[in-house]
Amino acid sequence: MKTEGAMLHPLASGDGPEPELMCIFGTGDLGRSLGLCLLQSGYRVVYGSRRPHSCGPLPEGAQVMTHEESARSAKMIFVCVHREHYEFLEKMAPQLERKVLVDLSNNLKKDMYMEANAVYLQRLVPKAAVVKGLNTLSTWALQNGLLAGRQVYLCGNNGEAKRDVAEMATKLGLTVVDKGSLSAAKEVEDFPLQLFPEWRMPLYVAFGLSAFFFLYLVIRDIIYAYVENDEDISYRIMISLANKITPVVSLIMLSLCYLPGAIAGFLQLYRGTKYRRFPNWLDRWMLCRKQLGLLALGFALLHAIYTLIIPARYSDRQRVISNVLNEVKKNTTTPLYFDNTSAWRTDSLYALGILGFFLFVLLGLTSLPSVGGTLSWREFSFVQSTLGYLTLFLSTAHCYIYAWDKFLRKSTYKWYTPPDSMLCLIVPSVTLVLKLVLVLPCVNRPLMRIRQGWERNRLKDEMGELKATNM
Amino acid sequence: MKTEGAMLHPLASGDGPEPELMCIFGTGDLGRSLGLCLLQSGYRVVYGSRRPHSCGPLPEGAQVMTHEESARSAKMIFVCVHREHYEFLEKMAPQLERKVLVDLSNNLKKDMYMEANAVYLQRLVPKAAVVKGLNTLSTWALQNGLLAGRQVYLCGNNGEAKRDVAEMATKLGLTVVDKGSLSAAKEVEDFPLQLFPEWRMPLYVAFGLSAFFFLYLVIRDIIYAYVENDEDISYRIMISLANKITPVVSLIMLSLCYLPGAIAGFLQLYRGTKYRRFPNWLDRWMLCRKQLGLLALGFALLHAIYTLIIPARYSDRQRVISNVLNEVKKNTTTPLYFDNTSAWRTDSLYALGILGFFLFVLLGLTSLPSVGGTLSWREFSFVQSTLGYLTLFLSTAHCYIYAWDKFLRKSTYKWYTPPDSMLCLIVPSVTLVLKLVLVLPCVNRPLMRIRQGWERNRLKDEMGELKATNM
Amino acid sequence: MKTEGAMLHPLASGDGPEPELMCIFGTGDLGRSLGLCLLQSGYRVVYGSRRPHSCGPLPEGAQVMTHEESARSAKMIFVCVHREHYEFLEKMAPQLERKVLVDLSNNLKKDMYMEANAVYLQRLVPKAAVVKGLNTLSTWALQNGLLAGRQVYLCGNNGEAKRDVAEMATKLGLTVVDKGSLSAAKEVEDFPLQLFPEWRMPLYVAFGLSAFFFLYLVIRDIIYAYVENDEDISYRIMISLANKITPVVSLIMLSLCYLPGAIAGFLQLYRGTKYRRFPNWLDRWMLCRKQLGLLALGFALLHAIYTLIIPARYSDRQRVISNVLNEVKKNTTTPLYFDNTSAWRTDSLYALGILGFFLFVLLGLTSLPSVGGTLSWREFSFVQSTLGYLTLFLSTAHCYIYAWDKFLRKSTYKWYTPPDSMLCLIVPSVTLVLKLVLVLPCVNRPLMRIRQGWERNRLKDEMGELKATNM
């Protein structure tokens with residue numbers, strides 16, 4: 001128990017050891033907020049400033065000195081100075097030798113400088129241990145103590161220095177992710193500037209599909225009615241058209257979620273191994289499945305609300321009134337004809353849609369980090385694969401019932417174009433058929449063996465090593 | 001400041017100490033992905049392989065040697081080999097002495113082997129320190145660096161070894177939970193294979209109730225109409241029936257959430273102490289309250305959507321038309337009769353349902369791990385108890401208004417059976433009455449004292465020790 | 001590799017070092033549950049009790065001794081005793097010297113005692129290192145092992161002692177937040193007793209606005225109809241009125257979310273610096289923007305459901321029927337007049353409402369801790385600012401379309417009062433206009449410079465230090 005002595009010794013002296021001293025270069029906004037946080041977490045803080053006597057209000061309890069003096073007194077120094085002013089650090093190199101320099105700086109734009117700020121700093125002060133990190137924290141979060149559980153990145157060439165910074169960050173309640181050596185500094189510095197990079201491709205797909213179907217439907221519905229029947233139904237753009245676009249895009253994007261998995265399965269079967277990397281496009285596709293699915297869920301939600309609002313619309317109410325007036329004119333003595341098939345059809349349509357949407361919401365909930373993180377691998381795979389395919393199946397069935405026998409009627413093919421509900425069935429149908437083939441026992445068995453590491457063209461005795469336990 | 005010297009020394013040498021070396025046995029999928037992660041986190045990696053010269057592509061920067069050589073060079077060894085091939089480790093026992101062996105293996109099924117993989121490994125190499133863990137990480141997550149914040153379990157008999165592995169895992173961004181000694185290995189190995197164990201009982205209850213009410217309603221509604229009135233209203237199965245089953249099951253399950261708490265209160269009052277364990281069935285019931293509640297919320301959501309879709313249904317529209325036709329036939333000169341009571345009743349029905357559902361959604365949100373985790377104990381108890389009972393009260397009132405005066409009419413009791421809306425009121429009414437009794441001051445005061453640790457049959461002077469501060 | 005020897009030595013002895021021994025004073029509910037947890041995490045546990053021979057059932061594997069004996073054997077002691085019984089610890093001061101005392105106690109009410117429990121304890125046993133913390137864990141959570149990821153607070157004057165407790169807590173799966181010295185003990189002890197402190201002000205605002213509009217609408221709608229037209233439309237209170245109050249309050253509160261940011265911008269422009277603190281009211285307002293927004297989202301959700309239920313209401317159905325009857329009476333030969341403007345207007349109204357609500361839900365999702373925590377600063381600001389203003393704009397437009405040309409008609413101003421839809425447009429319109437001014441290039445450029453640290457009245461050469469990188 002060698003730590004016991006170390007721990008108990010200071011207690012004997014009455015009030016514990018002095019808390020560690022942290023030095024902050026720069027008395028700007030970031031420096032002040034950081035100092036406040038460090039003081040609250042029990043550290044002592046000293047500021048290094050060009051003009052220690054006129055640097056404005058600092059957090060209570062902090063000292064202020066010249067840069068040189070403050071650097072001498074602490075072993076960890078936070079550099080809260082703009083990159084443009086780093087030169088003064090070069091002159092201080094002797095005082096900074098063996099110190100840990102934490103570079104928190106960010107740039108206003110990506111690629112403003114060829115060299116990452118932290119790499120530049122390390123070059124200026126080669127004998128210090130530069131650690132890049134904490135730069136994802138906003139001044140706002142620091143000021144208001146909203147640090148608990150936030151993820152911060154660290155990188156640096158010196159392991160000990162990184163560990164010290166990580167320990168300090170952990171004390172502040174942060175979760176530290178080590179990004180390796182200082183060569184990762186550029187990536188770390190770009191992080192606060194990135195804007196949903198993994199959402200870009202799915203968003204393009206969503207916008208592309210929406211734009212295509214918008215034009216397609218404007219031509220087929222609005223312009224067709226205007227040209228052929230001389231009717232102005234342009235008001236339909238706001239809801240009727242939107243309510244045709246959203247389900248179509250949602251269904252296609254949902255199936256685009258599952259299509260790459262099926263393609264990957266066939267590729268593995270064809271190659272007879274899972275150890276060759278997928279082609280690049282397939283890899284990238286598979287990496288954005290979650291985003292594709294969430295966008296599809298968004299569109300499905302819009303479709304649900306658009307559908308539910310229908311009976312409250314003016315046009316729908318006028319339609320009901322005109323239906324009644326027709327009935328009244330036709331005949332008021334015979335009872336109203338009730339078409340059981342129509343009742344079954346619309347009710348099935350709605351029921352399938354509701355169940356599919358319900359499962360879709362469940363899928364969306366499990367993709368919340370805090371929910372998904374608590375699932376075991378088998379649970380996650382059950383939800384995302386089994387429930388996911390069930391969702392796709394229900395949604396596709398919902399769409400088939402909607403399309404029903406329309407494809408038989410000639411009036412459907414306005415200007416010889418197929419309706420949107422037929423177009424949107426292609427991708428999901430293909431996906432479901434591919435999946436169906438993959439779960440056939442005669443196809444599934446070799447695939448499972450391949451996924452467990454078996455290779456068609458490899459010597460049996462080389463298989464002794466674990467290929468993959470999970471997935 | 002004894003660490004100062006240790007920390008600053010390596011800095012003097014220019015580029016910090018060499019990063020730690022990790023050894024991985026097995027060049028399969030898991031081994032490769034793990035190596036990649038370790039390299040990215042700044043470790044050096046060496047692979048141990050049977051055929052170091054033909055083991056396929058490995059992550060850049062990693063070395064590959066024979067098992068023996070690689071084991072010698074590192075102190076921590078990751079065993080990424082299938083359990084079936086563990087025997088070779090027995091022969092290597094001398095080289096593995098004093099090493100930390102991390103067993104990441106999983107099995108394909110539960111109970112494939114009597115003995116946990118890690119226990120078996122420890123038996124083969126008794127002088128190494130086996131640590132079971134990290135087995136919940138999928139190859140996919142490792143390959144794509146999706147580790148931040150994931151929870152992993154560790155267990156092992158050697159505390160130092162576990163601490164070393166925990167430190168490594170923390171560096172990878174993982175959250176470590178210590179499950180104790182190697183006797184927990186079986187549990188840790190079963191974890192990736194478990195499929196919602198805590199949801200099983202609530203799901204059975206939900207399915208059981210749904211099936212019962214489905215049959216009950218098919219007989220009472222569909223078959224009754226067919227037999228007695230010769231009407232075919234089978235189309236109602238899709239929505240009308242579902243919209244009767246979901247609220248009924250939802251309300252019963254919501255009250256089953258709160259019933260065990262009330263029973264526990266009475267049991268504590270009867271026993272005069274809270275220090276005797278509850279009977280087993282009550283304990284298990286109380287442990288699945290969250291799942292019961294979330295399933296009830298799911299059913300409530302379905303009920304809400306089913307209700308909102310009603311006016312868009314074919315059958316509902318036909319009903320409106322036939323209502324109008326009746327009015328037209330009857331008399332078109334007198335103004336339409338507007339029944340204020342009906343207006344009040346349906347509006348109250350909807351308003352109570354909406355408010356109840358709204359509170360229910362709030363309850364559901366606070367059960368999200370990331371939301372609930374930020375609540376203080378008093379806040380959590382306020383939401384789950386006060387808001388929960390309010391939700392139950394509103395939902396029950398909603399159902400009472402729906403049932404209204406039906407119980408007075410003879411036509412309600414088709415084939416002498418009570419309607420579902422009456423059946424489903426039993427459990428919630430009982431729960432609310434029990435709760436009402438428990439909050440009466442004369443009952444609540446002794447219960448509160450019992451919950452703070454007072455015991456009816458215990459000597460006063462033994463009460464000096466804290467019984468319970470919270471809860 | 002100095003740790004290697006230390007680590008490997010115990011392995012040589014065969015079965016690892018003895019796990020650490022923890023001492024718990026108090027065999028009550030909390031003590032027992034805590035002991036169970038510690039045992040499960042691999043510690044050994046000894047209880048200190050007044051009557052070691054009659055203290056009821058304890059977790060299997062734990063020992064029980066007198067307080068003095070148990071204190072001697074462990075270096076960390078958990079005090080699970082009510083504050084009222086702390087005196088006995090004073091007599092034990094010699095045995096407790098140099099020990100770590102963890103104070104887990106809570107009080108039943110805020111401010112029951114002047115002095116925090118932990119401060120009192122430290123005063124009684126000045127030579128021990130008192131650490132306050134873990135008091136946010138409920139007995140329930142401890143008993144059921146629901147600790148993983150929970151946040152606990154620690155504070156204490158002795159850094160080593162705190163680090164030891166933090167290490168133990170981390171082993172239990174907890175996330176530790178260091179709150180500094182023992183002077184924070186009061187705050188830590190108050191934490192489990194607080195009830196949504198940051199929600200209080202937004203809730204008052206919401207209730208105030210709701211109450212005002214309720215009264216306003218009851219007078220303008222219900223009482224006006226009763227007095228002037230002798231009509232009883234009181235049933236409208238349940239849904240129609242609620243559906244007027246919720247959107248109005250939601251829109252006002254959403255704009256109250258964005259108004260303080262705009263005011264702050266003008267204040268910074270006026271002052272020419274961002275280094276002067278905002279007035280207190282503005283600071284507090286800005287800190288509760290998230291809660292204002294979430295409440296507004298709640299009201300918007302209610303408004304959405306209330307609107308969707310309209311066509312299912314009795315009063316609405318009667319209105320449809322009476323509309324048809326009017327048409328029938330009027331003329332059944334001319335076709336029903338279809339007003340394209342009305343169709344456009346209601347459809348635009350709904351479409352804007354739906355899109356605004358959809359974006360609002362997105363905003364709400366990103367405010368979930370586990371979602372928001374994964375966003376980069378730029379992403380967060382894009383969502384909360386750009387999407388937020390878009391939401392406000394859509395919602396305001398939705399409301400403008402609803403108000404439409406009503407302000408022109410005299411009948412709108414019942415009893416000379418403006419309708420609620422006009423009243424509620426004031427705050428959002430002002431907010432949007434202010435924002436519009438702020439994004440004008442000639443206003444935005446100086447503001448951006450100020451936000452990057454530029455000061456109108458400061459010497460240029462003092463600006464060398466980093467003012468703010470982010471925000």
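A, B, ... follow the sequence lines: proteins, then strands. Residue 1 opens every chain.
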What part of [X] is in contact with chain B, defined as an atom under 4.5 angstrom from a non-hydrogen atom: side chain, backbone, both or neither?
X	answer
A:R319	side chain
A:F357	side chain
A:S181	neither

message = For B:I305 versus A:L308, what's the shortest heavy-atom pair and its separation?
response =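 It is O-CD2, 4.4 Å.
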ask   = Would you call B:R317-A:D316 a salt bridge at under 4.0 Å N-O?
value =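 Yes, B:R317 and A:D316 are salt-bridged.
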How many angstroms lie between atom [atom1] of [X] and atom [atom2] of [Y], to the nearest 0.5 angstrom?
X	Y	atom1	atom2	value
A:E327	B:I321	CD	CD1	6.0 Å
B:D190	A:R378	CG	CZ	10.5 Å
A:R345	B:M238	CZ	CE	13.5 Å

message = Is B:D232 close to chain A through its backbone or its side chain, or both, or neither, when contacts mean heavy atoms under 4.5 Å?
response =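 Both backbone and side chain of B:D232 come within 4.5 Å of chain A.
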Chain A contact via B:L301 - which portion, at a heavy-atom distance below 4.5 Å =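 For B:L301, side-chain heavy atoms alone lie under 4.5 Å from chain A.
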request  = Could you tell me whether a side-chain N or O of A:E379 sits under 3.5 Å from a main-chain N or O of B:P192, the two making a donor and an acceptor?
outcome  =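 Absent.
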Among [options], single out the residue with the greatest number of heavy-atom pairs under 4.5 Å to chain B.
options	result
A:I354, A:V324, A:L365, A:T346	A:I354
A:S381, A:G180, A:S342, A:A312	A:S342
A:L352, A:N340, A:I310	A:N340

message = Checking A:W344 against B:S234 for the side-chain contact (heavy atoms from CB on, under 4.5 Å) test, could you report, in this order, the C-alpha distance in whole Å, the side-chain angles of both residues, the deciding distance, and whether it holds?
response = CA-CA 8 Å; A:W344 262 104; B:S234 59; 3.2 Å; yes
inquiry  = One pair to check against side-chain contact (heavy atoms from CB on, under 4.5 Å): A:F338 and B:S315. What are the steps and the verdict?
reply    = CA-CA 8 Å; A:F338 189 89; B:S315 52; 3.8 Å; yes
request  = Among B:Y43, B:F88, B:Y306, single out the residue with the greatest number of heavy-atom pairs under 4.5 Å to chain A.
outcome  =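 Of B:Y43, B:F88, B:Y306, B:Y306 has the most heavy-atom pairs under 4.5 Å with chain A.
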task = Go through the steps to decide whether B:Y314 and A:D339 satisfy the test side-chain contact (heavy atoms from CB on, under 4.5 Å), and finish with yes or no.
result = CA-CA 9 Å; B:Y314 172 78; A:D339 181 11; 3.3 Å; yes
key: A:Y350/B:R313 under side-chain contact (heavy atoms from CB on, under 4.5 Å): CA gap, chis, key distance, verdict   = CA-CA 8 Å; A:Y350 292 137; B:R313 289 170 65 200; 4.0 Å; yes
